[in-house]
Amino acid sequence: MDSVITDPVTKAPFDVESVRRDFPVLKGKAHGKPLIYFDNAATSQKPQVVIDKLVDYYSNYNANIHRGVHYLSQKASNEFDVVRSIVQKFINASSEREIIFVKGTTEGINLVASTYGRKNVKAGDEVIVSAMEHHSNIVPWQMLCEEKGATLKVIPMNEKGEIIMEEYKKLLSDKTKFVSVVHTSNSLGTVNPVKEIIRLAHERNIPVMVDAAQGIVHSTIDVQKLDCDFLTFSGHKVFSPTGTGVLFGKTELLEAMPPYQGGGEMISSVKFEKTTYNEIPYKFEAGTPNIADVIGLGAGLNYFSGIDQAGAHAHEQALLKYASEKLSAIDGVRLIGTAKEKASVVSFVIDGLNALDVGMFLDTMGIAVRTGQHCTEPVMDQFCIPGTIRASFLFYNTFAEIDSLIEGVKKAIKLLKN
Ligand code: PMP
């Protein structure tokens, strides 16, 4: 029988062995060694229930939705539509109408920049992001600012990788038309004080978008409590299929926004003289959606909701503490991102060693880490490094796996340093 692991910090019992059994890939091998998957910030693994849901859709009721009167189409439509309510409850939106299916965080941000942004940002205005944004929360705003003659302002961060709130306050002005910030940094692990960031912007009636690509899997997201105006996340980072994502927007904002793409489903009537658009959320969902994967997203979120959330969080925090202590005790290893509030993402560099070489070495031991800039080049620039080695943990990871990482890093230093 598998033992229940008691986490060494919180003493909370979290049955890691039991949740691991839900993820078939974790039983696998890499280069003949048991797989140790520490690339969760790039994408999470999928539980069997999600895989089964996809197989069930394609095996038993593959059909286009919302258009067919036949049995299969009805069944597919029902399975698809229910996911909107699963998402609504998952992030505590006040209405299903505020949930738009997109293909991921990147599309969620691009949608808002090119609809809300194009309509409301004018020459001389300012848009604020933070210094730790993923490229997908920088480039769409840069493109918008370039098109409109607006300016992108950046909230600086300190040497720990924390947003400097005093500087943020100074950046807010009558010129500010939008703020878009990351909930949890994918390269540093920092969990930002988004509620406070939103509150301060709202004092000046400035809307705020939250990039919850990482936050969605490490924190409980409640859009009403946060009072964010927009929030987006990708399904694939939260146990669900790739190609799925969610954009949440407050009803009154979504209703006032022009559509994103034109096509079927997003219209209520098309005449050559004039087209009228469908109501939200359909106004923003042109064309056949990613039916199977959205149905899989419902299964993924249901799976996650069924996990002991407090136990999972405590376990991830214990893994973070364990790995951070063990890594920083190794001579020549430096952690990048030491914020007080962190999710279970550990980025580090090793004196004299190239991150890529270390990543490739660890791979030979069956350990999957990510190396490089993690789509956050400005973060690397601030720390004056070309990239980091990143190990990111989810609740299915174990302390023994971290011991293997530590052993691997020590070996890499010994073998690669000469
Ligand atoms: N923001 C953050 C913080 C991320 O970690 C990622 C994915 N690495 C993205 C945005 C982009 O997500 P996607 O590629 O799924 O659209």
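First listed ligand is number 1; within each ligand, the first listed atom is number 1.
Annotation: side chain of Phe90 is not in contact with side chain of Val83 (no heavy-atom distance under 4.5 Å). For the pair Glu133 and Val181, the minimum side-chain heavy-atom distance is below 4.5 Å.
Within the structure, side-chain hydrogen bond (donor to acceptor under 3.5 Å, both in side chains) pairs that include any residue of residues 113-127 comprise Arg118-Glu147, Asp125-Lys177 (at least two apart or interchain).
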Enumerate, one pair per line, all nitrogen or oxygen atoms of ligand 1 lying under 3.5 Å from a protein nitrogen or oxygen, stating the separation to 0.1 Å; write 'none' if no such pair exists.
from, atom 1, to, atom 2, distance (Å)
ligand 1, 1 (N), Asp211, OD1, 3.3
ligand 1, 1 (N), Asp211, OD2, 2.6
ligand 1, 5 (O), Gln214, NE2, 2.7
ligand 1, 8 (N), His134, NE2, 3.4
ligand 1, 8 (N), Lys237, NZ, 2.7
ligand 1, 15 (O), Ser234, OG, 2.7
ligand 1, 15 (O), His236, NE2, 2.8
ligand 1, 16 (O), Thr105, N, 3.4
ligand 1, 16 (O), Thr106, N, 2.9
ligand 1, 16 (O), Thr106, OG1, 2.6

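Below 30°, between 30° and 60°, or above 60°: for Phe395 and Phe239 the angle between ring planes is between 30° and 60°, a tilted geometry.
With no hydrogens or angles considered, no side-chain donor-acceptor pair links His374 and Thr376 at under 3.5 Å. Residues Thr288 and Asn64 bring a donor and an acceptor atom of their side chains to less than 3.5 Å of each other.
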